Amino acid sequence: MRAMRFGRFGGPGALEEADVPDPLAGPGESVVQVEAAGVNFGDIKQIAGEHTDGPCAPQGPLPRTPGMEVVGRTAAGQRVLGYVPQGGYAAKTVVADRHLVALPPGGEALALPPQGLTAWHLPRSVVRIRPGESVVVHAAAGGTCSLLVQLAREFGAGLGALALAVARQEVMHGTRRMPSRGGAVRAAPAPLGVLQVEIPPTTFSTVSRSPAALRPAPG
């Protein structure tokens, strides 16, 4: 089968197409025929050799096949979303059955494993946003934070959203916008809130402008 692999650490140029044997599933695993593979910052870190620890860090010697999330079909024909430490950039990959989610016909869910889970746990497990609280979301036009904006609004938060380029601001609606590196953008009102929360902090220059998008707590 075809796969994109890297035999040395480096930039995207380290990836090379290769013919490799079809993977074999073990107990509690399934082979997934890949229809689409997500491209994530974590893949870049893998290829650069900078993702070396943690429960999802890739294992084994080089060459390796990156790719952490796939949509495809099992041998039984079920369309699924799968989350893997590596191996998604291939025609087929092995996924632990506990990391497979069945998808409805036409369902789109490829970005949900790394970005979606991160976006969910930040307001639910880390910050525990409550209705009426104010939140600043940095890099709000990116994968994780665009999902976070939607979830925070669903949880009742007042939002200030900061995108990093004016060209990407058009994806943000119903939030109070802050000046970006590309220039000032028009502001839209956000609901009242009382708690000042930033998710997630980025550079100091960005964080230092965050209070402009938060309503002050009552004195």
Side-chain angles (χ1 to χ4, degrees), residues 1-104 107-122 125-126 138-139 141-148 164-165 168 199-203:
M1 68 171 189
R2 296 171 60 196
M4 296 300 295
R5 315 196 78 192
F6 62 98
R8 59 179 176 83
F9 296 123
L15 284 172
E16 295 181 343
E17 185 176 341
D19 289 322
V20 298
D22 285 12
L24 299 175
E29 298 177 332
S30 296
V31 174
V32 174
Q33 182 80 35
V34 176
E35 297 176 354
V39 178
N40 293 282
F41 185 66
D43 302 328
I44 297 174
K45 301 286 279 186
Q46 284 190 25
I47 298 167
E50 298 173 0
H51 189 184
T52 58
D53 56 9
C56 294
Q59 304 295 325
L62 298 177
R64 295 178 186 158
T65 302
M68 298 187 292
E69 56 186 354
V70 298
V71 165
R73 296 187 182 275
T74 64
Q78 173 64 56
R79 191 164 181 264
V80 293
L81 167 71
Y83 191 24
V84 291
Q86 59 184 342
Y89 290 11
K92 298 178 182 179
T93 192
V94 171
V95 185
D97 290 338
R98 68 181 185 276
H99 293 159
L100 286 174
V101 178
L103 295 179
E108 297 181 2
L110 185 57
L112 289 182
Q115 295 100 329
L117 290 175
T118 301
W120 173 269
H121 281 292
L122 283 169
S125 303
V126 179
H138 294 279
T144 296
C145 290
S146 62
L147 290 169
L148 179 56
L164 296 184
R168 303 177 74 185
I199 304 175
T202 51
T203 63

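As the structure is a prediction and not an experimental result, all values here were calculated from the model.
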Asks: Roughly how far, to the nearest 0.5 Å, is the CG atom of Leu122 from the CG atom of Leu147?
Replies: 11.5 Å
Asks: Taking the side chain as every heavy atom from C-beta outward, state whether Tyr89 and Leu15 have any atom pair closer than 4.5 Å.
Replies: yes
Asks: Got a second to check how far Arg79's CZ is from Leu100's CG, nearest 0.5 Å?
Replies: 13.0 Å
Asks: Considering non-hydrogen atoms only, spot the tightest contact between Val84 and Gly67 and give its length.
Replies: CG2-O, 3.3 Å
Asks: Using 4.0 Å as the upper bound for N to carboxylate O, is an ion pair formed by Glu16 and Arg5?
Replies: no
Asks: Closest approach of Ala14 and Ile47, non-hydrogen atoms and distance?
Replies: CB-CG2, 4.1 Å
Asks: Which atom names give the shortest non-hydrogen contact between Gly87 and Thr93, and what distance separates them?
Replies: O-OG1, 3.1 Å
Asks: To the nearest 0.5 Å, what is the distance between CZ (Arg64) and CZ (Phe9)?
Replies: 5.0 Å
Asks: Please output the side-chain donor-acceptor pairs of residues 111-121 that fall under 3.5 Å, not counting sequence neighbours, one pair per line with the distance.
Replies:
| from | atom 1 | to | atom 2 | distance (Å) |
| --- | --- | --- | --- | --- |
| Gln115 | NE2 | Asn40 | OD1 | 2.8 |
| Thr118 | OG1 | Pro114 | O | 2.7 |
| His121 | ND1 | Ser125 | OG | 2.9 |

Asks: Of the non-hydrogen atoms in Gly82 and Val95, which two are nearest, and what is the gap between them?
Replies: CA-CG1, 4.1 Å
Asks: Answer whether the closest heavy-atom distance between the side chains of Gln86 and Met68 falls below 4.5 Å.
Replies: no
Asks: Roughly how far, to the nearest 0.5 Å, is CZ of Phe6 from CG of Asp43?
Replies: 9.0 Å
Asks: If I compare all heavy atoms of Gly88 with all of Val34, which pair ends up nearest, and what's the gap?
Replies: O-CG1, 4.1 Å
Asks: If you look only at distance, which donor and acceptor atoms sit under 3.5 Å apart when one is on a side chain in residues 17-27 and the other is two or more places apart or in another chain?
Replies:
| from | atom 1 | to | atom 2 | distance (Å) |
| --- | --- | --- | --- | --- |
| Glu17 | OE2 | Arg2 | NE | 2.8 |
| Glu17 | OE2 | Arg2 | NH2 | 3.2 |
| Asp22 | OD2 | Lys92 | NZ | 2.9 |

Asks: Do you know which two heavy atoms are closest between Leu81 and Leu110, and how far apart they sit?
Replies: CD1-CA, 4.0 Å
Asks: Out of curiosity, Gln33 CD to Thr74 OG1, how far, rounded to the nearest 0.5 Å?
Replies: 10.5 Å
Asks: If we only count heavy atoms from C-beta on, is the Glu35 to Arg73 side-chain gap below 4.5 Å?
Replies: yes
